[in-house]
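Beneath this line is the structure, given in structure tokens, with notes to follow.
One is the number of the first residue; the rest follow in order along the sequence. All values derive from a computational prediction rather than experimental measurement. Just the heavy atoms: all of them, side chains too, but no hydrogens, waters or symmetry mates, feed the values below.
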Amino acid sequence: MNLCNIHFHVNAEHKAKDFSIYAGDGAHGHGGGYQCNDSRSLTREELRRPTRNNCAGVQPGDTIEVHWVYSSCDVKPGERLGSCLSESCGNPNLRVEAQIFIVVDDSAAINFNELSYGGNIVNGLHQAKALPTNTGKPVEFLGSTTGPKYTDQQCSPLQVTWSVRPQCAKIDINSLSEWCKDNVFKEDHAHGVRKLVTSPELLSEIE
């Protein structure tokens, strides 16, 4: 599958043991969701705000959920989820690799540019440079696209196979800011979150 988009949300749209602090409903998706448990025990240095931050709506101490979106269509990486479709491929299979991070000011934390795209092509397919491998076995399930415009009452028409890693990791705000300054996805801000889906008829079965 082709990598077609990378974007991130402030707070997690999913809930797990490692990110279970409820942030509230938020306003139009912003300020809601769940936060990493360890985000409450950061050092003063980790919480230091950088002199320059190109990512609107995110600061050290925040929890973010990053989505690497893959499509079965023959497409190139681009802006928004529309880049995952084409005129000849309007109903693709989509896969989202998800990782929840705590944003910190620490050069020893994960460098986001090592997980980005940067024109990486493997066997003719657009791919991320790498995906997190040390945050637990991803939980895989069927769902849909997310974001604040969708609710239990209004589902996304696109179906997605999700792979959500169950553990948080720390990511350096400076590397994230560098990515926000210039990337093919034109991403420079944090997106809002969809409320946690709780209606039993909409949930995937646990195997």
Side-chain angles (χ1 to χ4, degrees), residues 6-49 55-69 94-106 108-112 115 131-156 160-173 175-176 187 189-207:
I6 299 176
H7 63 273
F8 65 93
H9 303 255
V10 162
N11 294 332
E13 295 191 287
H14 297 90
K15 181 184 179 183
K17 183 178 180 180
D18 211 34
F19 38 97
S20 60
I21 298 175
Y22 183 52
D25 290 340
H28 304 292
H30 293 278
Y34 292 85
Q35 299 170 344
C36 294
N37 300 351
D38 289 345
S39 65
R40 299 289 178 86
S41 58
L42 300 175
T43 66
R44 180 180 301 178
E45 289 75 18
E46 289 177 318
L47 291 170
R48 182 176 50 221
R49 294 197 175 192
C55 298
V58 60
Q59 296 289 345
D62 288 343
T63 293
I64 63 172
E65 180 170 330
V66 178
H67 292 163
W68 292 263
V69 188
L94 297 176
R95 185 180 93 248
V96 176
E97 300 286 344
Q99 172 65 53
I100 290 77
F101 292 104
I102 305 172
V103 180
V104 294
D105 185 4
D106 184 358
I110 292 174
N111 184 328
F112 187 67
L115 304 175
L131 291 172
T133 58
N134 60 349
T135 48
K137 181 181 179 181
V139 177
E140 298 181 358
F141 58 94
L142 295 177
S144 66
T145 53
T146 59
K149 67 181 293 186
Y150 299 117
T151 64
D152 281 13
Q153 291 73 44
Q154 181 181 357
C155 295
S156 163
V160 179
T161 298
W162 285 87
S163 296
V164 181
R165 289 148 182 80
Q167 299 171 12
C168 292
K170 292 180 179 179
I171 195 162
D172 180 29
I173 182 65
S175 66
L176 191 64
E187 290 288 335
H189 66 282
H191 296 268
V193 302
R194 176 178 179 166
K195 290 183 180 180
L196 192 70
V197 177
T198 56
S199 298
E201 64 272 16
L202 298 178
L203 299 178
S204 293
E205 293 184 7
I206 298 176
E207 297 181 356

Any Ile64 side-chain heavy atom under 4.5 Å of Phe112 side chain:
no

Polar side-chain atom of Gln99 near backbone of Gln167 as donor-acceptor pair, under 3.5 Å:
yes

Do the side chains of Arg40 and Ile21 get nearer than 4.5 Å, heavy atoms only?
yes

Please tell me if the side chains of Val193 and Tyr34 come closer than 4.5 Å, counting only heavy atoms from C-beta onward.
no

So, the side chain of Ser163 versus the backbone of Pro138: is there a donor-acceptor pair under 3.5 Å, distance only?
no

How far does CG of Leu42 sit from CZ of Arg48, to the nearest 0.5 angstrom?
12.5 Å

With heavy-atom distances below 4.5 Å as the criterion, would you say the side chains of Phe19 and His14 are in contact?
yes

Give me the atom names and distance for the closest heavy-atom approach of Gly57 to Val10.
O-CG2, 3.2 Å

Looking only at heavy atoms, which two atoms of Trp68 and Pro132 are closest? And how far apart?
CH2-CD, 3.9 Å

Strictly by modelled atom types, are His67 and His7 linked by a side-chain donor-acceptor pair under 3.5 Å?
yes

Just verifying a value: how many Å separate Ser41 OG and Glu46 CD, rounded to the nearest 0.5 Å?
8.0 Å

For Ala23 and Gln35, which heavy atoms make the closest approach, and how far apart are they?
CB-NE2, 3.8 Å

Can you name the closest pair of heavy atoms from Pro166 and Asp18 and give their distance?
O-CB, 3.3 Å

Got Val58 and Phe8 here, is their nearest side-chain heavy-atom distance under 4.5 Å?
yes

Side-chain contact test, heavy atoms from C-beta onward, threshold under 4.5 Å: evaluate it for Val104 versus Leu47 and give yes or no.
no

Return the CG to CD distance between Asp105 and Gln59, rounded to the nearest 0.5 Å.
10.5 Å

For Asn37 and Ser20, indicate whether the former's side chain and the latter's backbone hold a donor-acceptor pair under 3.5 Å.
yes

Smallest separation among heavy atoms of Ser39 and Ile102, with atom names
N-CD1, 3.8 Å

Thr161 vs Leu142, test: side chain to side chain contact (heavy atoms under 4.5 Å, CB included). Steps then yes/no.
CA-CA 5 Å; Thr161 298; Leu142 295 177; 3.6 Å; yes

Main chain of Ile110, side chain of Asp172: is a donor-acceptor contact present, judged purely on distance under 3.5 Å?
no

To the nearest 0.5 Å, how far apart are CD in Glu13 and CH2 in Trp162?
6.0 Å

Here the gap from Asp106 atom CG to Glu45 atom CD, rounded to the nearest 0.5 Å, amounts to 9.5 Å

Rounded to the nearest 0.5 Å, the CG atom of Leu115 sits from the CD1 atom of Ile6 at a distance of 8.5 Å

Might you point out which heavy atoms bring Gly32 and Asn11 nearest each other, and give the distance in Å?
O-ND2, 2.7 Å

